[in-house]
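Take a look at the structure below.
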2 protein chains.
Amino acid sequence: MAEEKVFTISELAAMFDISSRTIRYYEEIGMLTSENRDSLTKQRSYTNRERRRLKMILRGKKLGFSLQEIREMIELYESNPEGEAEKSMIIAFADSKLREIEEQIMQLQMLREDILTYKEKYENSRVKS
Amino acid sequence: MAEEKVFTISELAAMFDISSRTIRYYEEIGMLTSENRDSLTKQRSYTNRERRRLKMILRGKKLGFSLQEIREMIELYESNPEGEAEKSMIIAFADSKLREIEEQIMQLQMLREDILTYKEKYENSRVKS
DNA sequence: CTCCTAGTTGACGTTAACGTTAGCTTAGTT
DNA sequence: AACTAAGCTAACGTTAACGTCAACTAGGAG
């Protein structure tokens with residue numbers, strides 16, 4: 001197996017155009033982990049696994065979810081349910097999130113239509129170039 | 001013309017399930033106006049026009065936009081451009097917002113797919129009822 | 001050895017978006 | 001007349017999500 005590439009905190013920050021502080025903050029509140037820190041220098045290092053996790057967090061943010069909501073989704077995503085009851089709970093949670101997301105998509109499409117209509121109003125009133 | 005119905009602040013708040021304070025706050029930062037306040041009691045009253053405006057604000061919030069961004073969109077929406085230059089600016093702004101929104105819709109659809117896939121994984125592993 | 005760069009840990013500062021409380025007025029009961 | 005409900009202003013409080021700054025350490029470059 002190829003040695004997996006690891007990143008420093010500022011490399012990771014640059015990738016997503018955020019600050020190092022933001023990454024440390026996410027760790028502070030337990031949304032990101034940095035195991036295998038250099039035992040001497042205490043420097044953090046990140047693997048692709050953490051990079052993907054961070055990407056999920058930032059996607060959630062862009063969609064308007066709070067870090068708290070994102071945390072719940074991710075925890076669910078990475079949970080390993082034991083019994084049938086837990087599985088059912090997960091499915092129920094997923095369903096409710098799905099409805100939320102579908103509602104959001106619909107609203108966005110309506111907003112899109114509104115803006116389009118609005119825009120056309122001005123395009124049609126322009127002088128022919 | 002029929003007399004237009006007006007609402008008190010708490011009626012309006014109840015309609016949208018928000019607090020009166022929130023409405024006053026929106027006025028404070030200039031996103032909502034309440035003309036025609038009772039000259040003696042200083043009580044605010046709202047017409048359908050303001051109700052629609054509030055609805056737009058709340059829709060924006062649900063979609064994850066900040067009040068500042070929403071303010072810009074509404075200002076644009078209600079602006080009355082004079083020359084061709086202004087119209088072009090409005091159209092350009094609308095286009096950029098449209099791209100933003102379309103991107104957001106795409107991301108949401110991807111998230112939706114992810115959740116669906118994830119959910120099916122658990123549904124298929126359940127015992128037949 | 002000196003300097004510079006990157007990183008670290010506190011800890012306090014900041015902004016948006018309201019919540020909460022106090023003290024006052026007015027309108028409508030009882 | 002006393003009380004209650006709804007609203008008002010002014011002002012301080014709160015939470016999320018970082019920004020910023022100080023004081024320190026380790027690893028190279030020259």
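What's counted below: heavy atoms across the whole structure, side chains too, no hydrogens, waters or symmetry copies. Just so it is clear, the structure is predicted and the values come from calculations on it, not from any experiment. Reminder, nothing fancy here: chain letters follow the sequence lines and each chain counts from 1.
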Fill in: Nucleotide nearest Ile9(B) (side chain, heavy atoms from C-beta), chosen from dC8(D), dA27(C), dG27(D)
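Of the options given, the side chain of Ile9(B) lies nearest dC8(D).
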Fill in: Nearest listed nucleotide, side chain of Ser10(A), among dC8(D), dG7(D), dG7(C)
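Per side-chain heavy atoms of Ser10(A), the pick is dG7(C).
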Could [X] and [Y] be called an ion pair, given the rule that one side-chain N must be under 4.0 Å from one carboxylate O?
{"X": "Glu27(B)", "Y": "Arg24(B)", "value": "no"}
{"X": "Asp114(B)", "Y": "Arg59(A)", "value": "yes"}
{"X": "Glu4(B)", "Y": "Arg49(B)", "value": "no"}

Item to complete: Check whether any side-chain nitrogen or oxygen of Arg37(B) sits under 4.0 Å from OP1 or OP2 of dT9(D), and answer yes or no.
Response: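 Affirmative; the distance criterion is met.
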Item to complete: May I ask you to evaluate whether Arg44(A) reaches the phosphate of dG7(C), defined as a side-chain N or O under 4.0 Å from OP1 or OP2?
Response: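 Indeed not, no polar side-chain atom of Arg44(A) lies that close.
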Discussion item. Thr22(A): which residues meet the side-chain contact (heavy atoms from CB on, under 4.5 Å) condition with it, sequence neighbours left out?
Written reply: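 Partners of Thr22(A) by the side-chain contact (heavy atoms from CB on, under 4.5 Å) criterion, ordered by chain and then number, come out as Ile18(A), Ser19(A), Tyr26(A).
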Worksheet item: For the pair made of CZ in Arg24(B) and C1' in dT9(D), what is the distance, rounded to whole Å?
Response: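 Atom-to-atom, Arg24(B) to dT9(D), this comes out as 9 Å.
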Practice prompt. Could you tell me whether the side chain of Glu69(B) and the main chain of Ser66(B) form a donor-acceptor pair under 3.5 Å?
Written response: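 Checked: pair present.
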Fill in: Flag for Gln104(B)-Glu100(B): side-chain donor and acceptor within less than 3.5 Å
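There is no such pair (donor and acceptor under 3.5 Å, judged by atom type) between the side chains of Glu100(B) and Gln104(B).
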Can you pull every protein N or O that's under 3.5 Å from an N or O on nucleotides 17-24 of chain C?
residue	atom	partner	partner atom	Å
dA17(C)	OP1	Leu67(B)	N	2.9
dC18(C)	OP2	Tyr26(B)	OH	2.6
dC18(C)	OP2	Lys61(B)	NZ	3.0
dG19(C)	OP2	Ser19(B)	OG	2.6
dG19(C)	OP2	Thr22(B)	OG1	3.3
dG19(C)	N7	Arg21(B)	NE	3.1
dG19(C)	O6	Arg21(B)	NH2	3.0

